[in-house]
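Quick notes on the structure that follows.
Numbering starts at 1 and runs along the sequence shown.
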Amino acid sequence: MTSSQQRSLSFGAEAAAYERGRPSYPPESIDWLLPERARDVLDLGAGTGKLTTRLVERGLDVIAVDPIPEMLELLSNSLPDTPALLGTAEEIPLPDDSVDAVLVAQAWHWFDTERAVKEVARVLRPGGRLGLVWNARDERLGWVKDLGAIIGHEDAHFNEKTTLPEVFTDVEHHRVDWTNYVTPQAVIDLVASRSYCITSPEKVRTTTLDRVRELLATHPALANSNGLPLPYVTVCTRAALSREHGSAQRRRS
């Protein structure tokens with residue numbers, strides 16, 4: 001197993017912190033990602049259900065798939081009526097032509113892209129849509145930039161360059177600027193649930209979290225504050241499964 005694969009599977013150790021500290025997704029981004037007549041939607045790499053919850057609230061028939069049991073346990077606790085299946089993007093546990101859309105939140109970069117694309121194309125109905133979404137901290141504000149200096153900066157523009165193979169057409173990109181209001185403890189949980197922090201040696205992890213606590217206690221904009229504005233840039237990519245690919249797949253089946 002590669003180091004990247006190990007990091008991608010590390011989140012189970014901090015599943016509760018992930019659920020407490022990670023942001024959801026702005027409604028505008030979800031509206032943009034979903035096909036107009038979507039009914040059956042796969043949340044691939046669903047984690048604890050941050051995106052799944054927003055999809056279920058829309059009355060969609062959602063299936064959540066993730067490779068980490070601890071994450072799916074939390075998802076099922078909050079969404080007991082939503083199917084939650086152990087599986088990977090490279091081996092999706094669904095039949096052919098079974099969903100109108102596959103959405104991937106905060107996870108596409110962990111996948112073996114070549115294998116994942118084949119599987120996504122297999123489970124999508126002809127003309128179905130793939131939607132990718134990432135939240136990145138907006139580090140233009142002082143304290144968020146200082147946080148990035150401690151835990152590593154995020155490049156909101158990186159995922160705007162996401163490309164997809166020719167089985168997908170009409171590739172488009174979109175971004176939403178928004179603010180999530182969090183508690184100091186939620187910031188700690190956000191950092192604690194990051195893969196690099198989970199997989200760091202205990203001494204490094206402790207030092208990192210201590211530095212974040214110090215920032216929260218001493219930064220002029222944050223001291224003695226219980227509601228912290230944490231700005232985000234949400235970057236989205238959407239694409240349709242080419243009808244030629246869908247037709248070819250049906251001929252092979």
Side-chain angles (χ1 to χ4, degrees), residues 2-26 28-29 45 47-48 50-51 68 70-71 104-111 132-163 173-237:
T2 66
S3 60
S4 178
Q5 288 172 324
Q6 289 175 330
R7 286 180 61 191
S8 72
L9 297 174
S10 69
F11 296 106
E14 290 290 346
Y18 191 105
E19 173 61 19
R20 293 191 303 265
R22 296 299 181 105
S24 183
Y25 299 90
E28 179 186 336
S29 65
T48 62
K50 290 290 184 178
L51 177 61
I68 302 176
E70 296 90 341
M71 305 287 268
V104 182
Q106 222 74 21
W108 185 256
H109 55 289
W110 294 120
F111 299 165
L132 315 177
V133 58
W134 288 270
N135 283 322
R137 298 183 310 276
D138 185 346
E139 298 186 348
R140 288 175 291 185
L141 290 182
W143 84 269
V144 186
K145 186 175 182 180
D146 292 343
L147 178 65
I150 298 171
I151 67 174
H153 295 291
E154 288 188 325
D155 182 1
H157 300 290
F158 177 79
N159 294 315
E160 290 179 318
K161 303 173 184 177
T162 300
T163 58
H173 304 282
H174 181 66
R175 62 179 283 161
V176 179
D177 298 283
W178 64 290
T179 299
N180 191 34
Y181 289 88
V182 298
T183 64
Q185 182 57 50
V187 177
I188 298 297
D189 288 328
L190 171 67
V191 176
S193 69
R194 291 175 63 86
S195 62
Y196 87 90
C197 194
I198 297 170
T199 57
S200 292
E202 185 61 30
K203 184 176 181 180
V204 174
R205 175 179 167 83
T206 299
T207 299
T208 299
L209 293 175
D210 285 345
R211 291 180 64 195
V212 173
R213 291 188 182 96
E214 182 180 6
L215 171 68
L216 296 174
T218 61
H219 195 285
L222 303 180
N224 302 316
S225 176
N226 291 320
L228 314 180
L230 180 48
Y232 279 96
V233 177
T234 297
V235 177
C236 312
T237 297

(request) Might you point out which heavy atoms bring A186 and R20 nearest each other, and give the distance in Å? (result) CB-O, 4.3 Å

(request) To the nearest 0.5 Å, tell me how far N180 CG sits from T234 OG1. (result) 9.5 Å

(request) Report the C-alpha distance between I151 and L190 in whole Å, list the side-chain angles of each, state the deciding distance to 0.1 Å, and finish with yes or no for side-chain contact (heavy atoms from CB on, under 4.5 Å). (result) CA-CA 10 Å; I151 67 174; L190 171 67; 5.7 Å; no

(request) Could you tell me whether the side chain of R22 and the main chain of S193 form a donor-acceptor pair under 3.5 Å? (result) yes

(request) Search all heavy atoms of P231 against all heavy atoms of P229 and return the closest pair with its distance. (result) CD-O, 3.4 Å

(request) Measure the shortest side-chain to side-chain distance between P184 and L228 over non-hydrogen atoms and say whether it is less than 4.5 angstrom. (result) yes

(message) I want to check something: taking the side chain as every heavy atom from C-beta on, are W110 and S195 in contact at a cut-off of under 4.5 Å?
(response) yes

(request) With rounding to the nearest 0.5 Å, note down the distance linking NE2 in H219 to CG in L147. (result) 10.0 Å

(request) Could you tell me whether the side chain of V235 reaches within less than 4.5 Å of the side chain of T162, counting heavy atoms only? (result) no

(request) Could you pull out the closest heavy-atom pair between P23 and N135, with the gap in Å? (result) CG-ND2, 3.6 Å

(request) Without swapping roles, check the side chain of W143 against the backbone of L215 for a donor-acceptor pair under 3.5 Å. (result) no

(request) Could you pull out the closest heavy-atom pair between G45 and A107, with the gap in Å? (result) O-CB, 4.3 Å

(request) Determine the minimum heavy-atom distance between K50 and E19, stating which atoms define it. (result) NZ-O, 2.7 Å

(request) Drop me the distance from R211's CZ to D146's CG, to the nearest 0.5 angstrom. (result) 10.5 Å

(message) With a 4.5 Å cut-off on side-chain heavy atoms, are R213 and L209 touching?
(response) yes

(message) What's the separation between atom OG1 in T48 and atom CD1 in I68, rounded to the nearest 0.5 Å?
(response) 10.5 Å

(message) Quick check: do H109 and W134 have side-chain heavy atoms less than 4.5 Å from each other?
(response) yes

(message) Give me the atom names and distance for the closest heavy-atom approach of W178 to S24.
(response) CZ2-O, 3.6 Å

(request) Working to the nearest 0.5 Å, report the span between CD of Q185 and CG of L216. (result) 9.5 Å

(request) Answer yes or no: is there a side-chain heavy-atom contact under 4.5 Å between S200 and T208? (result) no

(message) I'd like to know if the side chain of R205 reaches the main chain of A192, judged simply by a donor and an acceptor atom lying under 3.5 Å from each other, with no hydrogens or angles considered.
(response) yes

